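Presented below is the structure to which this report refers.
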Amino acid sequence: MNEFLTDAALFLPVLLRGLWTTILLTLCALVVSVMLGLVWATMARARFGPLRAAAATIINVVRGIPIIVQLFCVYFVLPEAGINLYPFAAGVIGLGLAYSVYQAENFRAGFEAVDPALLEAAKSLGMDDRLAMRRVVLPLGIRIALPPFGNTTVMLLKDSSIASTITIAELTRAGQLLAISTFKNGTVYVLIALLYLAASLPLAAGVRMLERRMATR
Amino acid sequence: MIAIEGIHKAFGANHVLRGVTFTVEAGEVVCLIGPSGSGKSTVLRCINGLERADSGSIRVAGQELGDATLPAIRRSVAMVFQRFNLFPHRTVLENVVEGPVHVLKEPRAEAEARGRDLLARVGMGDRADEFPMRLSGGQQQRVGIARALAMRPQAVLFDEPTSALDPERVGEVLQVMRSLAEEGMTMIVVTHEIAFAREVADRAIFMDGGTVVEQGAARAMLTDPQEPRTRLFLDRVLRPL
């Protein structure tokens, strides 16, 4: 136990730097995934058929490819097309795109669960589709989508570890490097697990707090 | 003010409206009565374009209802719903100013001052900052009426405004509607409240099977209907035992 503690004190500064990168990567990818997800979900509700078909295709294709393969595509295949990205940017784009389809499905389910009678009330006040979407469907749909959104966000935090495969020194990769150079596998991986928990539990609590605050009273 | 001419509407094989024709003059209060499924609510929903009639014409304030005129007509004809349909994520006052601020582009301060006046008028002045879920059905419906009036409509459509209320709460809503009628608002009211129709309405229209069976001065027609079908309906409603 004593040895674990002295090792932990030694490793923690390195792992905390990794954790910081993990959190930054997760937050950036979250922003990308939410924005793209809202775009897909809005397209999925469009009146114009080809727009709906495009949304369905994007969602099915992206959902059908493993996240690690998508990251490889962004990091290794795009440069061959002349697009060179820093690893961190590639990670944000890859994870953001991969998760945008899950966010889109959360939002779509939320929008569909909004009482159609409220949409009628909005129309009877003279709102057009866009205004009704912005003032009624969006705010209510997002409230309904919050619990699955929280779930998806915690999954994104954990899956950010996949970015270790494209040389981003986030928590998992920082730990791997430590483990390889010190042979203290046990200590290192227990610490990594604890640090992921330390990040994901407050995240889940934060989303729950948001749910309570936004609940319609 | 509102002229409906031979409108038909079918939902799949269900032919709900089979040539409905009537007019409503400015300042008139008209009650639409009839059994469930007779098409009363559908007529109302066609007038502000929540449903699209399959054929026939609807004119509001001289404008033929169509894609081009729908936005203007929706702004001039307000609607009060059976289930209130207040926005649950906004306070009472926010519900009332939603249309004026975002559709009519009124300055918020002005809209709020007017909104508070309207809420006071329907007896909800002290509940402006509450959320709809905390109100009783009768209170929510009075807010629904204030929200409709906030659009400065030329006519208000009421779709069974008291059908979802506790019996004890019906009166407070009918009183608001009566005072509105006395101020000269043009109103079309789909209702099962025969007493209200007889007391407050200028004219009553009885519908059955998607057509107008009988119409006339409300008091006379609801006291002494001419058509056997109207008589049967009123007998059943007024003397259920």
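Below, read A as the first sequence line, B as the second, and so on, with proteins coming before strands; counting in each chain starts at 1. Note that the coordinates shown come from a computational prediction; the quantities given were computed from them, not determined experimentally.
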Heavy-atom count check: over 12 atoms from other residues, nucleotides or ligands less than 6.0 Å from B:E172 CD?
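Check passes, neighbour count above 12.
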
Set of residues satisfying side-chain contact (heavy atoms from CB on, under 4.5 Å) with respect to A:V31, sequence neighbours excluded
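Listed in chain order: A:M35.
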
A:R45: what forms a salt bridge (Lys or Arg N to Asp or Glu O under 4.0 Å) with it, not counting sequence neighbours?
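Partners of A:R45 under the salt bridge (Lys or Arg N to Asp or Glu O under 4.0 Å) test: none.
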
Engaged part of [X] at the chain A interface, taking heavy atoms whose separation is under 4.5 Å:
X	answer
B:V80	neither
B:R83	neither
B:L86	backbone

Can you tell which of [options] has the highest number of heavy-atom pairs within less than 4.5 Å of chain A?
options	value
B:E98, B:M151, B:M79	B:E98
B:V77, B:V103, B:L104	B:V103
B:R45, B:R90, B:R75	B:R90

Close approach to chain B in residues 103-132 of chain A, criterion heavy atom under 4.5 Å:
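The stretch touches chain B at A:A117, A:L118, A:E120, A:A121, A:A122, A:K123, A:S124, A:L125, A:G126, A:M127, A:L131.
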
Within residues 61-95 of chain A, which residues come under 4.5 Å of chain B, heavy atom to heavy atom?
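Interface residues of residues 61-95 of chain A: none, nothing closer than 4.5 Å to chain B.
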
A:R143 side chain to B:H89 side chain, donor-acceptor N/O pair below 3.5 angstrom:
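Not at all, the side chains of A:R143 and B:H89 share no donor-acceptor pair under 3.5 Å.
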
